[in-house]
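So the structure is just underneath, and the comments pick up after that.
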There are 2 protein chains.
Amino acid sequence: MTETSTVDEQPGIPARSQTDVVIAGIKGMITDGRLGPGSRLPIERDLATELGVSRGSLREGVRALAILGVLETRQGDGTYVTSLDPERLLSPLGILAELHTPAHAGHLLAVRRVLEAESAALAASALTDEDLAALDAILDEVDGILASDPDMDLERFIDTDTAFHRRIAQASGNPALAGMIDSLVGRTHRARLWRAITERGTVRETQGEHRAILAELKAHDPERARIRMAVHILGVEEFATAHAGDEASDPAP
Amino acid sequence: MTETSTVDEQPGIPARSQTDVVIAGIKGMITDGRLGPGSRLPIERDLATELGVSRGSLREGVRALAILGVLETRQGDGTYVTSLDPERLLSPLGILAELHTPAHAGHLLAVRRVLEAESAALAASALTDEDLAALDAILDEVDGILASDPDMDLERFIDTDTAFHRRIAQASGNPALAGMIDSLVGRTHRARLWRAITERGTVRETQGEHRAILAELKAHDPERARIRMAVHILGVEEFATAHAGDEASDPAP
DNA sequence: GGTGCAAGAATGGTCAGATGACTGAGACGT
DNA sequence: ACGTCTCAGTCATCTGACCATTCTTGCACC
């Protein structure tokens with residue numbers, strides 16, 4: 001049985017399954033420097049032999065690491081280590097945004113509030129005129145959407161909302177922070193669409209709050225930007241906390 | 001070819017591979033309410049048939065969702081949806097802590113600083129006498145470790161350090177926040193051990209800072225606790241940012 | 001009737017082999 | 001030099017068989 005020999009070869013790694021052997025083996029290759037960002041792995045057949053597992057088990061382990069953003073497979077070419085950037089490694093965080101239970105919506109929004117307030121504060125000092133013009137353009141587009149009420153394109157509104165938050169997060173200059181916010185904001189489309197549909201008034205309110213945030217960003221005032229962003233998200237957080245028992249009650253700003 | 005029929009059955013889901021079909025299919029079962037926390041999935045053979053894929057492809061998809069904390073498989077029993085708690089869904093975040101490149105250590109620490117400062121502030125209002133006694137016991141244990149210098153058990157020191165931060169995060173009352181901190185703190189053992197070994201002085205300094213944090217927590221002063229925690233992590237963040245090019249230079253407080 | 005144990009059924013875990021789909025490199029033609 | 005085609009290499013998928021683990025059920029004993 002190859003499991004015994006594999007455990008012997010890697011003392012301290014309690015391998016519970018062959019797939020765990022694969023995951024631990026590849027992670028070890030990365031941490032010990034044999035593989036780095038962008039490295040190509042040995043072909044499946046050879047790597048399976050090296051790790052003492054079947055090709056099927058190897059594939060299961062590779063698939064797991066792929067969804068974690070560590071590896072990417074290219075059919076016909078090979079399997080590669082990704083850039084291991086925060087954006088890559090944080091993308092699985094979106095599953096939390098998609099699948100958490102309604103009882104936890106408020107908790108998640110509280111985390112977002114903390115992160116996004118920080119990113120707004122950092123961005124206030126870093127935003128260029130070009131960035132600010134781009135943010136202005138996003139909000140101008142929302143004005144256009146609002147002008148077509150009652151036939152507002154709510155899908156488009158959600159997209160602009162996401163773009164607004166994303167742009168600010170990127171301007172923070174911290175890729176880990178931006179990646180985290182991106183994952184938390186970008187994958188809640190369905191719930192936010194639901195809220196926009198059921199509570200039309202929040203669309204205008206959100207736009208007003210976005211304008212207030214942008215004004216402080218333009219003033220390059222970190223603390224005011226932080227406060228504006230925090231209160232923007234706090235409204236929705238309180239809504240979510242109050243409606244934690246409702247079906248699909250996971251709103252977002 | 002089953003891929004075509006599967007795409008037809010789930011319009012709007014651009015399935016790129018059979019495993020993607022599986023992942024999207026199971027996620028859909030969760031979001032549309034057919035499966036909930038703790039639910040048992042159909043057996044592999046039946047589920048593969050239902051989704052129109054082979055058992056091997058089904059397994060790859062299940063494995064991917066398992067490592068994301070969405071599913072857990074029990075041999076001989078079946079495959080289950082997890083509790084979908086933040087703790088579960090955030091555990092994959094630890095991969096970021098393990099595999100990010102040194103260039104991003106400072107970024108990650110900055111995120112931790114924001115999150116942990118917030119958790120300290122929340123905890124300051126929520127900590128019970130029992131919690132505070134437990135935190136005191138942790139730091140007393142560290143005093144014992146320090147007393148055995150130069151034969152300090154650094155592994156033990158790292159464990160107590162982790163326990164201290166974890167206990168505070170849990171006391172915040174926000175499981176998403178606690179889960180995130182847990183994932184970011186709990187999986188950086190190797191790098192923190194390296195720092196403790198190479199810079200013995202930081203062990204005493206850390207203990208001093210932990211004592212200061214605990215004093216503010218005992219005083220139930222959210223803002224002072226926030227500041228103490230922030231400056232505690234800021235020191236290491238600045239160290240990491242200054243040594244971003246060094247090998248294994250990912251320290252942590 | 002209650003308890004414990006063994007056997008069998010159910011189900012996930014693994015492997016091997018075959019075939020299909022895709023990619024990149026090299027050869028060839030213009 | 002550039003574009004196109006071919007082929008070898010490699011991942012993607014499927015099938016079938018066997019192994020390992022867990023749970024359920026039946027039976028024996030008290």
Side-chain angles (χ1 to χ4, degrees), chain A residues 1-7 9-10 13-26 29 35 38-82, chain B residues 1-7 9-10 13-26 29 35 38-82:
Chain A
M1 186 65 184
T2 60
E3 181 174 341
T4 303
S5 70
T6 306
V7 172
E9 291 173 1
Q10 310 191 43
I13 303 186
R16 286 167 301 164
S17 72
Q18 297 297 67
T19 306
D20 291 335
V21 169
V22 173
I23 292 170
I26 293 171
M29 292 174 194
L35 297 174
S39 297
R40 183 174 182 279
L41 269 68
I43 66 169
E44 287 184 347
R45 193 187 59 219
D46 292 348
L47 188 54
T49 299
E50 178 176 333
L51 294 172
V53 301
S54 73
R55 193 174 151 227
S57 299
L58 185 279
R59 289 188 55 80
E60 286 187 29
V62 166
R63 184 68 69 169
L65 289 174
I67 205 159
L68 287 178
V70 175
L71 302 180
E72 63 184 344
T73 59
R74 296 180 209 145
Q75 184 175 352
D77 183 5
T79 301
Y80 294 80
V81 178
T82 64
Chain B
M1 186 67 185
T2 60
E3 180 175 341
T4 303
S5 69
T6 306
V7 172
E9 291 173 1
Q10 308 190 42
I13 304 185
R16 287 166 299 164
S17 71
Q18 297 298 68
T19 307
D20 290 335
V21 169
V22 174
I23 293 171
I26 293 172
M29 292 174 195
L35 297 174
S39 297
R40 186 177 181 279
L41 269 68
I43 68 171
E44 286 185 347
R45 192 186 60 218
D46 292 349
L47 189 53
T49 300
E50 179 177 334
L51 294 173
V53 300
S54 71
R55 193 174 153 227
S57 299
L58 184 279
R59 290 188 55 80
E60 286 187 28
V62 165
R63 186 66 71 168
L65 289 174
I67 206 159
L68 287 178
V70 176
L71 302 180
E72 62 185 345
T73 61
R74 298 178 210 146
Q75 184 176 352
D77 184 3
T79 300
Y80 295 83
V81 178
T82 65

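Each chain gets a letter, A, B and so on, in the order its sequence line appears, and its residues count up from 1. This is a predicted model, so every value here is computed, not measured.
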Side-chain N or O of B:T79 versus OP1/OP2 of C:dG12: is the shortest distance under 4.0 Å?
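So the side chain of B:T79 is within the cut-off, an N or O lying under 4.0 Å from OP1 or OP2 of C:dG12.
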Contact under 4.0 Å: B:S17 side-chain N or O vs D:dC11 OP1/OP2
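No, because none of the side-chain N or O atoms of B:S17 sits under 4.0 Å from OP1 or OP2 of D:dC11.
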Between [atom2] of [N] and [atom1] of [X], the distance in whole Å:
{"X": "B:L47", "N": "C:dA10", "atom1": "CG", "atom2": "C1'", "value": "16 Å"}
{"X": "A:Q18", "N": "D:dC18", "atom1": "CD", "atom2": "P", "value": "20 Å"}
{"X": "A:Y80", "N": "D:dC11", "atom1": "OH", "atom2": "C1'", "value": "11 Å"}
{"X": "A:E44", "N": "D:dT13", "atom1": "CD", "atom2": "P", "value": "11 Å"}
{"X": "A:D46", "N": "D:dC11", "atom1": "CG", "atom2": "C1'", "value": "13 Å"}

Closest non-hydrogen atom pair between [X] and [Y], with its separation:
{"X": "B:R63", "Y": "A:A64", "value": "CG-CB, 4.2 Å"}
{"X": "B:L51", "Y": "B:V21", "value": "O-CG1, 4.0 Å"}
{"X": "A:V62", "Y": "A:V22", "value": "N-CG1, 4.2 Å"}
{"X": "B:E60", "Y": "B:T19", "value": "OE1-OG1, 3.5 Å"}
{"X": "B:G52", "Y": "B:Q18", "value": "O-NE2, 3.7 Å"}
{"X": "A:T73", "Y": "A:T79", "value": "CG2-OG1, 3.6 Å"}

Any chance the side chains of A:D46 and A:T49 put a donor and an acceptor closer than 3.5 Å?
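Short answer, no.
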Contacts of A:R74 that satisfy side chain to side chain donor-acceptor pair (under 3.5 Å) - sequence neighbours left out:
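Applying side chain to side chain donor-acceptor pair (under 3.5 Å) to A:R74 gives A:E72.
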Extract from the structure each pairing of a protein N or O with an N or O of nucleotides 4-9 of chain D at less than 3.5 Å, listing the distance.
unit_1 : atom_1 : unit_2 : atom_2 : d
D:dG9  : N2     : A:G76  : O      : 3.1

Residues in residues 55-74 of chain A with a heavy atom under 4.0 Å of DNA chain C, by number, are A:R55, A:S57
